[in-house]
Amino acid sequence: RHSARSPRKQQRHHTMPQGPFASAAGVGRAEPEWAALNKVTGVCGVDSQHAGGVTTDAPIDLGPEVMSGDLSGLADKEFDLLIVGAGLSGAVLAERCSKELGMSSLILDCRDHIGGNCYDYIDEHGIRASKYGAHLFHTKFERVWDYVQQFSEWLPFDHRVKGRVPDKDGVKQLVPIPPTQDTVNTLFGANVHSEAEMQAWYDKERVAPPSGEATNGEEAALSRVGKSLYEPIFKHYTKKQWDKYPEELDASVLMRLPCRTSTDDRYFGDEYQALPLRGYTRIFENMLLDNPAISIRLNVDFFKAREAGLLPKFGMLVYTGQIDSYYAQLGMPKLEYRSLRFEEEWVPEPDDGFFQEAMVVNYPSPDVPFTRIVEYKHVPNQSEAVKAGKVKGTLLAREYSSAEGDPYYPVPNPANHALYEKYRALAEKEEGVCFVGRLASYKYFNMDQAILNALEIYDNMKETGKLAPKRRPEDFGPGDGPK
């Protein structure tokens, strides 16, 4: 992390807005016409920790026993479930199996916190930040929405993304992403003012794949959005994300490009879109802490502990890590992932308190090495200090895609699919082990998909006595993938 006395001026040749990204419907809300589609209308849900007197904005101190990485105190204990990974999948199974079936769990994680990639915290300046990139909760599953309201208070939030994109004269403009009427009018002077005119613009722009079916990502993108949008917004952004141009990727990766004909500039279309009032970590604290049936040990490497014979007795193993790591001793090839690297910068005195116009601004052009800048200060679930105006500076996270680092996104191509199927065949024969979650399934799950998948695995336990998935990971449909 480094500090800058003033933000880099070349990225800001425009007038800054006053305050956080907002609309007439409020901070973090879309324009009223589109905000009205969000079924989350006000603060809702229950935060038991807060109701019980916990006043901190920061993650709760878990104490030396949990943090020590020492399993010796558990040697004479026996657990129904040994859960590897304290992320969404592991937490949901521990919570459900304890509350409904009276089962005990020991959760192990090699990191020094609970919450997996959802983990957020308060930095030294008083800003709530996410350690592993921005997390935006959105779901169409009523069951998931009902479930998560048991563990947090929630605020409505309509995520909207801007992109700094060159127009037809090469001048960078700030436009909505995914593209809307406003995007094509600003970039190309399209003069589009109705859904029918926007549809006609797309029809004129789109390029049908030569063989009738898109055979790669470039053909898919051109058939969805046409050349004018493809070149400045999607082509180089894809290369930055995957280190492959669209023509080198499966058609499926770009077949999902959203084509808006309306003025709806919300990133997601789901019925329920919200942020946890006191951060994502609080959800896990309410799910797992103060539950005598759930023990947690952090800073523990499961494989090393197993090899050293340090694991207590347990009935069933729930494994939420990388499936290829589980079978590393077989000497099979590794599955390919993309990772993210975050370069944080503290800006002590930005104009009007903010560096950029929105929480997320994408940089799709090849002349900038990062994919986007996240400015956490914009979100309405910021810390009390930020909401009270006590934090003058702002924290930025520039996001870079990388082949090295923690695994985030499976790389979709035929070789990886075929290799995963070999691992899946091994996993299905493995007695007493349930492989669950995005890393074990080699599938990018959104948060709500990960929760639903774990709830359905729990249903199976309740109905049949077996922890096993009800459907294959791909049956959940595509996750958002790299943003």
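For the single chain, residues carry numbers from 1 onward in sequence order. Computed over heavy atoms, backbone and side chain alike; hydrogens, waters and symmetry mates excluded.
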*Sub-6.0 Å ring centroid separation between Phe137 and Tyr280*: no
*Is there side-chain contact between Cys434 and Ile457, with at least one heavy-atom pair below 4.5 Å?*
yes
*Side chains of Glu95 and Tyr147: do they bring a donor and an acceptor to under 3.5 Å?*
yes
*Is it true that the side chains of Thr261 and Gln199 contain a donor and an acceptor less than 3.5 Å apart?*
no
*Taking 4.0 angstrom as the limit, do Arg111 and Asp406 come out as a salt bridge?*
yes
_My understanding is that only residues two or more places apart in sequence, or in another chain, count here; which of them pass salt bridge (charged side-chain N to carboxylate O under 4.0 Å, His left out) with Arg341?_
none
*Do the numbers put Lys168 on top of the ring of Phe188, so that NZ or CZ is under 6.0 Å from the six-membered ring centre and no more than 45° off the axis?*
no
*NZ of Lys204: more than 12 outside heavy atoms within 6.0 angstrom?*
yes
*Kindly indicate, with the supporting measurements, whether the criterion salt bridge (charged side-chain N to carboxylate O under 4.0 Å, His left out) is fulfilled by Asp367 and Lys172.*
CA-CA 12 Å; Asp367 60 338; Lys172 286 192 182 172; 2.9 Å; yes
_Between Lys140 and Asp270 (salt bridge meaning N to carboxylate O under 4.0 Å), is one present in this structure?_
no
*asked:* For the backbone of Asp120 and the side chain of Thr281, can you confirm whether one donor and one acceptor N or O come within less than 3.5 Å of each other?
replied: yes
*Between Lys227 and Glu205, is there a salt bridge with N-O shorter than 4.0 Å?*
no
*Measure across Pro166 and Pro232 and return the closest heavy-atom pair with its distance rounded to 0.1 Å.*
O-CB, 4.1 Å
*Are the side chain of Arg160 and the backbone of Ala22 linked by a donor-acceptor contact shorter than 3.5 Å?*
yes
*Using a strict cut-off of less than 4.0 Å between a Lys/Arg side-chain nitrogen and an Asp/Glu carboxylate oxygen, indicate whether Arg260 and Asp182 qualify as a salt bridge.*
no
*Only one of Asn38, Leu136, Thr139, Leu37 forms a side chain to side chain contact (heavy atoms under 4.5 Å, CB included) with Gln273, so which one is it?*
Asn38
*Main-chain N/O of Ser23 paired to Glu31 side chain as donor or acceptor, under 3.5 Å*: no
_CD/Glu197: more than 12 non-hydrogen atoms of other groups inside 6.0 Å_ = yes
*asked:* Strictly below 4.0 Å, N to O, side chains only: are Glu357 and Arg164 in salt-bridge contact?
replied: yes
*Salt-bridged, Lys235 to Glu248, with N to O below 4.0 Å?*
no
*Side-chain (Arg224) to main-chain (Leu254) donor-acceptor, under 3.5 angstrom*: no
*Look at the side chain of Glu336 and the backbone N and O of Pro410, then say whether any donor-acceptor pair between them is shorter than 3.5 Å.*
no
*Taking the six-membered ring for Trp, are Tyr272 and His138 ring centroids under 6.0 Å apart?*
no
*Stepwise, does the side chain to side chain contact (heavy atoms under 4.5 Å, CB included) test hold for Val433 with Met316?*
CA-CA 6 Å; Val433 184; Met316 173 118 194; 5.8 Å; no
_Is there a side-chain hydrogen bond (donor to acceptor under 3.5 Å, both in side chains) between Glu247 and Asn216? Walk through the geometry before answering._
CA-CA 5 Å; Glu247 72 246 33; Asn216 62 46; over 6 Å; no
*Within the distance-only criterion (no hydrogens, no angle test), does the side chain of Tyr376 pair as donor or acceptor with the backbone N or O of Ser130 below 3.5 angstrom?*
yes
*Side chains of Asp448 and Leu452 in contact at under 4.5 Å (non-hydrogen atoms)*: no
*Cation-pi check, Arg206 onto Tyr202 ring (under 6.0 Å, within 45° of axis)*: yes
*Are the charged groups of Glu399 and Arg372 less than 4.0 angstrom apart, N to O?*
yes
*asked:* Could you tell me if Arg398 sits above the aromatic ring of Phe370, with its cationic atom closer than 6.0 Å to the ring centre and no more than 45 degrees from the axis?
replied: yes
*Less than 4.0 Å between a side-chain N and a carboxylate O, is that true for Asp324 and Lys422?*
no
